[in-house]
Amino acid sequence: MLGRHIESAASTIVSMTRILHRQIGHSYPVATAARGIMIRDSAGKEYIDASGGAAVSCLGHSHPDVLAAMHSQLDQLAYAHTSFFTSQAAEELADELAAHAPQGLNRIFYVSGGSEAVEGALKLARQYFVERGEQQRRFFIARRQSYHGVTLGALAIGGREWQRKQFGPLLIETQHVSPVYEYRGKRADETADAYGARLAEELESKIDELGGENVIAFIAETVVGATLGAVPAVPGYFRRVREICDRHGILLILDEVMCGMGRTGTMHACEQEGTNPDLMAIAKGLGGGYAPIGALLIQEKIFNTLAEGSGAFLHSHTYMGHPLACAAALAVQRVIGRDKLLENVRRQGNYLSRRLNERFGNHPFVGDLRGRGLFQGIEIVSDRGTKVPFDPSYKLYARIKHEAMARGLMVYPMGGTVDGTRGDHVLLAPPFIIDSIGIDAIVERLGEAIDAAVAAQRQ
Ligand SMILES: Cc1ncc(COP(=O)(O)O)c(C=O)c1O
C-alpha cells in the first residue's frame, strides 16, 4: 500500500520538481503556512508538529516576537561579511549565550548548522593542540550509534555505519566505543552505576591502546538523539568521562546540536550530568528554525591558546555570524527566558512521559520509553520479552511516519536503532510552548499510527 502510494505520487513529483529531495521520487506535501504547533500544507491539511521537524522548532512556528525582531534586523542590515565587520546582533547573541553557558564556555564561534558546528569543534580541537606544540595528537574517539552530521569530519566521527560505509575511504581515522544504551547494553546483573563504570573503562582502555598523548578529544551527544531516540547516559557516566579526559589531557566535546538549548528541560543537557565540556556544539534550537544558525561554545583556555599564539582560528565560513540569523536566534532565546519556557518544558515533559506510559507502558510492541523534558523516545520491538526488533526489511519506522502523517501528526521515527540495521524508534520533540491538550492529541494520534503500522505488518 505504502509502496503504491509512493509510486503513483512519484510520477507527478518527479516531473514537477527539479530538487534533489531527500528521497528521490517520494511525494512531499507542500508546506504553505504554520503557526504555533501546527503546519498546514497546500491541500489545507494540518499537522501537529510533535517533533519540531527534527528537534528544531522550539518556539513553534511564526512566533510574533521572533518575526518582529527579524523584520527589524532586515530593515537595518541583512548581511555584512565577518572579515570586514561584526554586528550588534552577533555581539548581543554571544553575550546572551555566554551568560547562560556552562562555566568557562565564554567564547562563541558562529556557523550555520549542526554539521558545521561539529566540524569546527574538530578543527579547533586539533589547532589548540598544534599551537601547544602537541602535533602528534591526531585521534578522535566517538561512540557507535551516534550522529554528528554529514560533512566529512562529522561523518567520520559519527557512529551510523550505514551512512559512513560508502564514504569510508574519505574519512579521517576515528575510534568508536560503546554508546550508553541502558535498555540493551546494561546486563541484568549490573547496576546502572556499574554499567556506566564499565563503559568509562572501555573508553580508558581505548585511550591507552592509542596512547593518551595521541588523542585529541572524546566526542559524544549528551543525550543521543536521531540514532537511538532520546537516550540519556546513566548517572555518573559523564563525570567519569570528564575525569578520564582530564587525566590524559584530552578534550571533551559535547554535541548538543539536538539535545541542547532547553530541549531536555535545562538550557544545556550537560547541566544534568554535572559535567562541563571543553567545546560544545549547538544548533537546532538555537535559532528554532527561524534562520539557519549553529555555534560552538569554547572554553576560555582554548580561546586563550589561540589568542596568545597564532591569533586566528584557521577556519571560517561566508555566512558565519549572519546578522539576520543572529537576530532570530537572539529573539528565540530571549522569548524562552522571558516566558520561562524551560519550566514548561519540564512540566509538559513530565506530562508527556506520563501519557506515553499510560498509552504504551503495556503495549505489546513497545519495549522502552525514555528521554528527558520534551525530548522523548519510544523503541518498538516485535517481542517485549526478548526485545527482538521487527524485520528491518519491513521498514516499520517509515510506515509509522506515513501513518502519523496520514493522521496529521509529525514525528521523527528512525530505523537501525539496535546496531545500525535492526530496530525502530520514534523520537518526539514538540515545541516548548505546547500544552496538555496538544500532548493528549499527539499521544492519541501516535498510538493509532503505531497500531496501524504494526497491524499492517502482521497481516
Ligand atoms: C547530534 C547532532 N549533531 C549534528 C547534527 C547535524 O546537524 P545539521 O543537520 O544541522 O548539519 C545533527 C542533526 O540532526 C544532530 O542531531
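In this chain, residues are counted from 1 in sequence order. In listed order, ligands and their atoms are each counted from 1.
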Show me, by chain and number, every protein residue that has a heavy-atom distance under 4.0 Å to ligand 1. G113, G114, S115, Y147, H148, G149, E221, D255, V257, M258, K284
Side-chain touch D41/V30, heavy atoms, less than 4.5 angstrom: no
Heavy-atom count check: over 12 atoms from other residues, nucleotides or ligands less than 6.0 Å from R22 CZ? no
Please list, chain by chain and in numerical order, all residues satisfying side chain to side chain contact (heavy atoms under 4.5 Å, CB included) with A80, sequence neighbours excluded. L77, F85
With sequence neighbours left out, write down each residue that passes ring-ring contact (aromatic ring centres under 6.0 Å, His included) with F313, or none if nothing qualifies. F109, H315
Applying salt bridge (Lys or Arg N to Asp or Glu O under 4.0 Å), which residue pairs with at least one partner in residues 247-265 are found, sequence neighbours left out? E204-R247
Angle between ring planes, Y319 versus H322, binned at 30° and 60°: parallel, tilted or perpendicular? tilted
